[in-house]
Number of protein chains: 2
Amino acid sequence: MNPLYLQVKKRITESLAEGLWNPGQSIPSEVELAQSFSVSQGTVRKAIDELAAENILIRRQGKGTFVASHDEEGSQLRFLRLTSTQNNKENLDNHLVSFTKEKATNKIAKSLGVNIGTTVVSIKRVLTFNQKPLILDFIKVPASSFRKLTSEMIVEKKGAMYRMYETEFGIQMLRAQEKIRAVAADADTSELLGVKKNTPVLSVERISLTYSDKPIEWRLGLCLTENHHYASELD
Amino acid sequence: MNPLYLQVKKRITESLAEGLWNPGQSIPSEVELAQSFSVSQGTVRKAIDELAAENILIRRQGKGTFVASHDEEGSQLRFLRLTSTQNNKENLDNHLVSFTKEKATNKIAKSLGVNIGTTVVSIKRVLTFNQKPLILDFIKVPASSFRKLTSEMIVEKKGAMYRMYETEFGIQMLRAQEKIRAVAADADTSELLGVKKNTPVLSVERISLTYSDKPIEWRLGLCLTENHHYASELD
DNA sequence: GAGTGGTCTAGACCACGGC
DNA sequence: CCGTGGTCTAGACCACTCA
């Protein structure tokens, strides 16, 4: 039999996935949860500890425990690892290049866990920092999960995709896996990023996951790393 | 005043840094530590929990708590994030290109926390996977910390640097920070890696740290990413 | 069976936030 | 002041390892 605290963690996670408690809001207090699960407070604590370590819950002493949200000050760029090498403050801007629907290729279908040929929304955009192009993004999400998604919404939301997924579609991006390579910019890429053809660019391929490790988004970012770098901590 | 468990953690960390307990060996049991610190077992537990989460200690149920070591099965490549995209098993080999001593430049000095002009050991090597060149590494360490380091040792140890730092010099690599970019291979790099000049390569710049976040090694890896990628988990 | 880490409990008290 | 999460304790029992 599983340890009790893992069962509690599972039940809390299920409630979160069901949307019983909304992002940014508080969940019941530890004592309340302990009572409703008929366990001690320490056991609930250990369950919440793990969820907090996974950035799914956020503890605030004296206030309560909250559901993590992308719709908050300072948590928008949680998954952007690219930072300025000079450490300046920068203004990020989003420029939509194209917004289409298409059929999932074999690769995209596998990444998103859908069948080949399933309709996906395909977004192409350029992110600029201080007016200069920095990242060319290709984003693909299953159309079925994002029925009312329009190009206007993306522009209006200023490209804060995960925030939009959360507030507009009730889909919470929890974690992601990235594969990073160095590639040469093709003609299209070089033009959009304003560099010469074959300039080396950082290729960052991302699969974003929600509860139960369900994929919700595939993304490919092509980044200029003349004045920026991808930061990674190892331990 | 700091929480008790953080004081305990600090004292345990100090003992580790002093080399009181050696890598791969077990530290005293939780009850013993609790007695010697005059705290409850739960408090020691919380301190060890954090050190285990940082991969500094390793718990083994029924056996004890051990000091993490690079000199163990399966922990040699703990910090190598580059993996085959095809997921094959691969044989890693180490080819020393050059081994010299030189004066630290401004940049290296800053990275290693030493004065400009301090003598550093400079290692240049090529890592091959399945006989093919994959990574060109530039490694620089302060000569003062590695007095008896010779090129023969590196060859003999098959390039397992962190293992060698630990077993031969008593220096434990605990964590690292990496900055990743895409750059074009210069003439020298392209020749050593067996690719055309200006091929895009992944530039991975690493600073390795030991206790108290003291830098022990600066490293630049230039990696081919035709059939490999750098894997990164975000949460 | 003895010794280790792992789980669980119950209760006390502390630190912080907000009414 | 009360309710929240954070710390600390003491003790019971479980699960695993090894002699």
Side-chain angles (χ1 to χ4, degrees), chain A residues 1-16 20-69 72-75, chain B residues 1-16 20-69 72-75:
Chain A
M1 195 50 180
N2 258 349
L4 240 190
Y5 78 92
L6 285 181
Q7 299 173 42
V8 171
K9 181 184 175 186
K10 187 154 176 264
R11 292 183 64 177
I12 294 175
T13 305
E14 283 164 0
S15 296
L16 287 166
L20 184 58
W21 308 309
N22 289 320
Q25 314 223 286
S26 70
I27 69 171
S29 73
E30 294 179 354
V31 271
E32 285 177 299
L33 288 172
Q35 282 165 357
S36 75
F37 292 144
S38 301
V39 299
S40 79
Q41 187 185 347
T43 300
V44 171
R45 234 186 126 61
K46 180 144 185 176
I48 293 181
D49 275 346
E50 292 203 352
L51 290 166
E54 294 167 22
N55 294 312
I56 289 173
L57 293 178
I58 299 171
R59 322 187 80 133
R60 297 206 183 103
Q61 184 172 156
K63 298 173 103 174
T65 300
F66 297 77
V67 184
S69 169
E72 271 172 34
E73 194 61 39
S75 73
Chain B
M1 196 50 181
N2 257 350
L4 239 191
Y5 77 91
L6 285 181
Q7 299 173 41
V8 170
K9 182 183 175 187
K10 187 154 176 263
R11 292 184 63 178
I12 294 175
T13 304
E14 284 165 359
S15 296
L16 287 166
L20 185 57
W21 308 309
N22 290 320
Q25 313 222 287
S26 70
I27 69 171
S29 74
E30 294 179 354
V31 271
E32 284 176 300
L33 288 172
Q35 283 166 356
S36 75
F37 293 143
S38 303
V39 300
S40 78
Q41 187 184 347
T43 300
V44 170
R45 238 189 121 59
K46 180 144 186 178
I48 293 180
D49 275 345
E50 293 204 353
L51 289 167
E54 295 166 23
N55 294 312
I56 289 174
L57 293 179
I58 300 171
R59 324 186 78 133
R60 297 208 183 103
Q61 183 172 158
K63 297 173 109 176
T65 300
F66 297 76
V67 183
S69 169
E72 269 171 35
E73 195 61 39
S75 72

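This one's a predicted model, so the numbers in the text were calculated from it and none came from an experiment. Chain A is the first sequence line, chain B the second, and so forth, proteins listed ahead of strands; every chain is numbered from 1.
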Trainee: Does the salt bridge (charged side-chain N to carboxylate O under 4.0 Å, His left out) test come out yes or no for Lys46(B) and Glu50(B), once each step is laid out?
Mentor: CA-CA 7 Å; Lys46(B) 180 144 186 178; Glu50(B) 293 204 353; 5.7 Å; no
Trainee: Do you know the tightest heavy-atom contact between Ile12(A) and Ala47(A)?
Mentor: CD1-CB, 4.5 Å
Trainee: Taking OH from Tyr5(A) and C1' from dC14(D), how many angstroms apart are they, rounded to a whole number?
Mentor: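 So the OH-C1' distance, Tyr5(A) to dC14(D), works out to 13 Å.
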Trainee: Rounded to whole angstroms, how far apart are CD on Gln41(B) and C1' on dC14(D)?
Mentor: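 To the nearest whole Å, that distance equals 13 Å.
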Trainee: Mind running side chain to side chain contact (heavy atoms under 4.5 Å, CB included) on Val39(B) and Tyr5(B) for me, showing each step along the way?
Mentor: CA-CA 9 Å; Val39(B) 300; Tyr5(B) 77 91; over 6 Å; no
Trainee: Please identify the 5'-most and 3'-most nucleotides of DNA chain C with any atom under 4.0 angstrom from a heavy atom of chain A.
Mentor: dT7(C) to dG18(C)
Trainee: Measure the spacing between OG1 of Thr43(B) and CD1 of Ile48(B) and express it to the nearest 0.5 Å.
Mentor: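 Going from OG1 on Thr43(B) over to CD1 on Ile48(B), the span is 11.0 Å.
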Trainee: What side-chain donor-acceptor pairs closer than 3.5 Å can you find for residues 23-31 of chain B, not counting sequence neighbours?
Mentor:
from, atom 1, to, atom 2, distance (Å)
Ser29(B), OG, Glu32(B), N, 3.3
Ser29(B), OG, Glu32(B), OE1, 3.3
Glu30(B), OE1, Gln41(B), NE2, 3.0
Glu30(B), OE1, Arg45(B), NH1, 3.2
Glu30(B), OE2, Arg45(B), NH1, 2.8
Glu30(B), OE2, Arg59(B), NH2, 2.1

Trainee: Enumerate the residues from residues 45-67 of chain A whose closest heavy atom to DNA chain C is under 4.0 Å, giving them by residue number; use none for an empty result.
Mentor: Lys46(A), Gln61(A), Gly62(A), Lys63(A)
Trainee: Test Leu33(A) against Val8(A) for side chain to side chain contact (heavy atoms under 4.5 Å, CB included), laying out the working first.
Mentor: CA-CA 9 Å; Leu33(A) 288 172; Val8(A) 171; over 6 Å; no
Trainee: Taking the side chain from Ser15(A) and the backbone from Trp21(A), do they hold a donor-acceptor pair closer than 3.5 Å?
Mentor: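 Checked: no pair found.
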Trainee: Is the shortest heavy-atom distance from the side chain of Ile56(B) to the side chain of Thr13(B) under 4.5 Å?
Mentor: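 No, every pair of side-chain atoms sits at 4.5 Å or beyond.
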